[in-house]
Amino acid sequence: MGTNNNEGNALIRVIGYIVLIIVTAVGLWEMGAKFLNGPIDEGTTQLVTWGIWVSGYIFFLGLSAGSFLISTLIYVFGVRQLEEAGPAALVQALGCLLLGGALIVLDAGHPERMYMVLLYFNPTSVMAYMGLFYNVYIAIVVAEIYLVMRPAFVRNVQSGKRPTWLYRLLSLGSTRLDKESLVRDRKWMMVLGILGIPAAVIVHGGVGTIFAVAKARLNWLGGLFPLLFIVSALTSGGALLTFLTAAFGKMPRERKLKLVNFLAQLTIGFLLLDALITFADMFTTSYTAIPSGASTDKLVLFGPYKWIFWIVEVALGLVIPLFLVASPRTNKALGWLGLAGLLVVIGMLGARLTLVIPPQVTPLFEISIGAYNHIRYAYGYFPSTSDLLVMLGVFAIGIWMMLGARKYLPLDFEAHEGAQQGGDVTS
Amino acid sequence: MSKPEDPMDRRHFLRLGGLAGAGALAVTAPVLAAEPNSADKQAIRYGMIIDLKRCVGCKACAAACKAENHTPPGVAYNIVMEEEVGTYPDVRRRFISRPCMHCATPSCTIVCPTKATHIRDDGIVAIDYNRCIGCRYCISACPYGVRAFDYGHNYHETATPYESQPSPEYGQNKKRNLKGNESPRGNVRKCHFCIHRVKKGLSPACASTCIANAIHFGNLNDPEGLCTVHGEKLRFLLATRDHLRLKEDLGNNPSVYYLT
């Protein structure tokens, strides 16, 4: 029986890798095509100019900002229960940031001109600030990862763990493991964490503000959006961390369950706040029934987006995880808690889609439909094959990044125990 | 209890909060400080006065615009929106020609991350094709939907004779080019009141073409300003006829008036 199971697992693994390789290859091919052929294959229109790539961008950026803010709970605010998830949270923050960045670069009509955002910085543009702080934020995350992993890298170099060249490179020539250096690392971690909080909030709250100040769309306009983005960042970041820790974290079962349970409860707390803000936002636009706002709510609640809203967002992303974490039958099992995390992440992707796309679908002048007959002026939006393949490719690259990080980076608690004891500055 | 060297003490936190507040103010200050009526003090503010009573819905303005600016399929600077009002037998069709409103306080220019889209001294909102990164934020921000992203339709490997004609836009004479992702492909494009024609003393193509003399164009800030196509006094038209501007409550201060 046991061998059968092992063989079955091996087969699933091989099939999984084959699928992953194909999806990655096709995704990369499509990305290359976008760079060479321009935006011709995109499914967006002149009305819905931001499609699934922009949704994906804010999804990944939210995951990143949320993971980072959760890491600051540990390194700045000293929440000890989460200690063991710290390195993973930081690596997750960096990975998601890169995936989101890839999508937004692809979405631009002229990706090769991205540097102009910094060169010709427009001080009244929220997007320009987002571009600036994106870079500041990425530097902070990279520096934090280095600091938190440096002792483990040095130990790996000393013990000759393979691939040694990688750890030598990653340790940047540092060889110190003494208590003094660990205390210094820990202090810098705190400083960077403190700087990182406003950076993460500005980057992701800033993305919310990009939408909030676009006064053409009533469903984006208003003060709730920046807040909503920050709360949903925390929700999705916590949820992904719950899932990945439950699925891949290497630590004693008892400790792992405690950690995952804490993460899951934290996530549910943020999730409820997120649901409340989303409800408040939808309530005002549908109650006031100003046509441009209410028509979007109709599209989401009863129109073509109802499947994403009711099934993905509400059922999968809210009700089931809530039940899984609340019920004493399921909240003691790592599998169920991990599943709850994964479902919240999936629900959040659905939320990003309904946040970005439906408000653009309703034309700014209802009578403009039919004024110009071309596919780019048609009503509605559906992603093109190329859009979908690129999106899947980005997810596949994310899985590769995760597998690589799990294999080569010291994400588990044991690797940091030394740093832990040495670096306890507050004791 | 927090110790003085603890970086998370209250003073530190307040200082951070203050910095964040100052930052937010720095972003909004230029927007708040912009004087709403400063556009009226410019020497030149080009604008249009479109007579809806005269418009017959022939769409010659939209066709002339396409021919003048060589816009590819899927990019339109000017469209004519149609609407049927009433029920038979009390029914009529209403047409609204919609160029860019060339707002005095545009939503698009303040959000552009690279200042690629900007408002000129003569009130025309233009785009620097070599600076636009194609992020489309301006399209999302524009309440009038006048902007179009050039997806690159009909940029053929061997250009047809029509496609190989340079577009006179902004006096740049760009040809549709498939080599690499060259501008204006991948850019946002929009109506620019045919700056290249206005510079020569001509009127925008739509205004010159209109078969019903419904589109007037000229300097709205000149008290004696005349329509450059038909010679009517612009201020007289606005003083004697009922008029409106689209979505005026949004505060964009459009330079396109509709006589009703």
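Below, read A as the first sequence line, B as the second, and so on, with proteins coming before strands; counting in each chain starts at 1.
- In terms of heavy-atom pairs under 4.5 Å with chain A, the best-connected choice from B/Ile96, B/Asp150, B/Ile139 is B/Ile139.
- Of the listed residues A/Val54, A/Leu364, A/Ile369, A/Ile202, the one with more heavy-atom pairs under 4.5 angstrom with chain B than any other is A/Leu364.
- In this structure, chain A has heavy atoms under 4.5 Å from both the backbone and the side chain of B/Ile133.
- Around atom CG of B/Leu244, more than 12 heavy atoms belonging to other residues, nucleotides or ligands sit under 6.0 Å away.
- Across all their heavy atoms, B/Ser140 and A/Trp220 have their closest contact at CB-CZ3, 4.0 Å.
- Residue B/Phe95 does not touch chain A at all, counting heavy-atom pairs closer than 4.5 Å.
- In this structure, no portion of A/Leu47 lies under 4.5 Å from any heavy atom of chain B.
- Only the backbone of B/Thr109 comes within less than 4.5 Å of a heavy atom of chain A; no side-chain atom from C-beta onward does.
- Residues B/Lys247 and A/Phe365 meet the side-chain proximity criterion, which asks for heavy atoms closer than 4.5 Å.
- Using a 4.5 Å cut-off between heavy atoms, A/Arg113 touches chain B through backbone and side chain atoms alike.
- The residue among B/Pro143, B/Ala148, B/Pro113, B/Gly134 with the most heavy atom pairs within less than 4.5 Å of chain A is B/Pro113.
- A cation-pi contact links B/Arg131 to A/Tyr120, judged by a cut-off of 6.0 Å to the six-membered ring centre and 45° from its axis.
- Rounding to the nearest 0.5 Å places CG of B/Asn78 at 11.5 Å from OH of A/Tyr372.
- Shown here for B/Lys59 and A/Ala371, the closest heavy-atom pair between the two residues is NZ-O, 3.7 Å.
- Heavy atoms closer than 4.5 Å to chain B are found in the side chain of A/His374, but not in its backbone.
- B/Tyr137 places a side-chain N or O within donor-acceptor distance of the main-chain N or O of A/Ile210, the cut-off being under 3.5 Å.
- Remark: A/Leu192 engages A/Ile140, A/Ala143, A/Glu144, A/Leu147 in a side chain to side chain contact (heavy atoms under 4.5 Å, CB included) (not counting sequence neighbours).
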### Task
Might you work through the side chain to side chain contact (heavy atoms under 4.5 Å, CB included) test for A/Ile367 and B/Glu82, ending with a clear yes or no?
CA-CA 6 Å; A/Ile367 52 172; B/Glu82 292 187 44; over 6 Å; no
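- Per-residue heavy-atom pair counts under 4.5 Å with chain B were compared for A/Gly131, A/Gly370, A/Ala128, and the maximum is reached by A/Ala128.
- Between the CG atom in A/Asn37 and the OH atom in B/Tyr155 there is a gap of 14.0 Å [rounded to 0.5 Å].
- A distance-only check finds no donor-acceptor pair linking the side chain of B/Tyr151 to the backbone of A/Gln46 [under 3.5 Å].
- Comparing B/Gly145, B/Ala62, B/Cys132 by how many heavy-atom pairs each has under 4.5 Å with chain A, the most go to B/Cys132.
- Distance CZ/B/Phe149 to CH2/A/Trp50: 12.0 Å, rounded to 0.5 Å.
- For CD of A/Glu366, the number of neighbouring non-hydrogen atoms (other residues, nucleotides, ligands) closer than 6.0 Å is 12 at most.
- Neither the backbone nor the side chain of B/Arg94 comes within contact range of chain A, judged by heavy atoms closer than 4.5 Å.
- Within the 4.5 angstrom heavy-atom criterion, only backbone atoms of A/Phe121 (N, CA, C, O) approach chain B.
- For the set A/Met130, A/Met114, A/Met116, the count of heavy-atom pairs under 4.5 angstrom toward chain B peaks at A/Met116.
- Of the residues considered (A/Ile104, A/Asp41, A/Asp107, A/Thr209), A/Asp107 shows the highest number of contacts with chain B, using heavy-atom pairs under 4.5 Å.
- Of all the heavy atoms in B/Cys142 and A/Ala216, the pair that sits closest is O-CB, 3.4 Å.
- For chain A, the option among B/Val80, B/Ile79, B/Asn187 with the highest count of heavy-atom pairs below 4.5 Å is B/Asn187.
- Of all non-hydrogen atoms in A/Ser125 and B/Val111, the two that sit nearest each other are OG-O, 2.6 Å.
- A side-chain donor-acceptor contact under 3.5 Å links A/Thr44 and B/Arg136.
- Between the A/Lys215 side chain and the B/Ser107 main chain, no donor and acceptor come within less than 3.5 Å of each other.
- Atom OG of B/Ser183 sits about 3.5 Å away from atom NE2 of A/His110, to the nearest 0.5 Å.
- Options A/Thr49, A/Leu119, A/Val213 differ in how many heavy-atom pairs under 4.5 Å they form with chain B, and the most are formed by A/Thr49.
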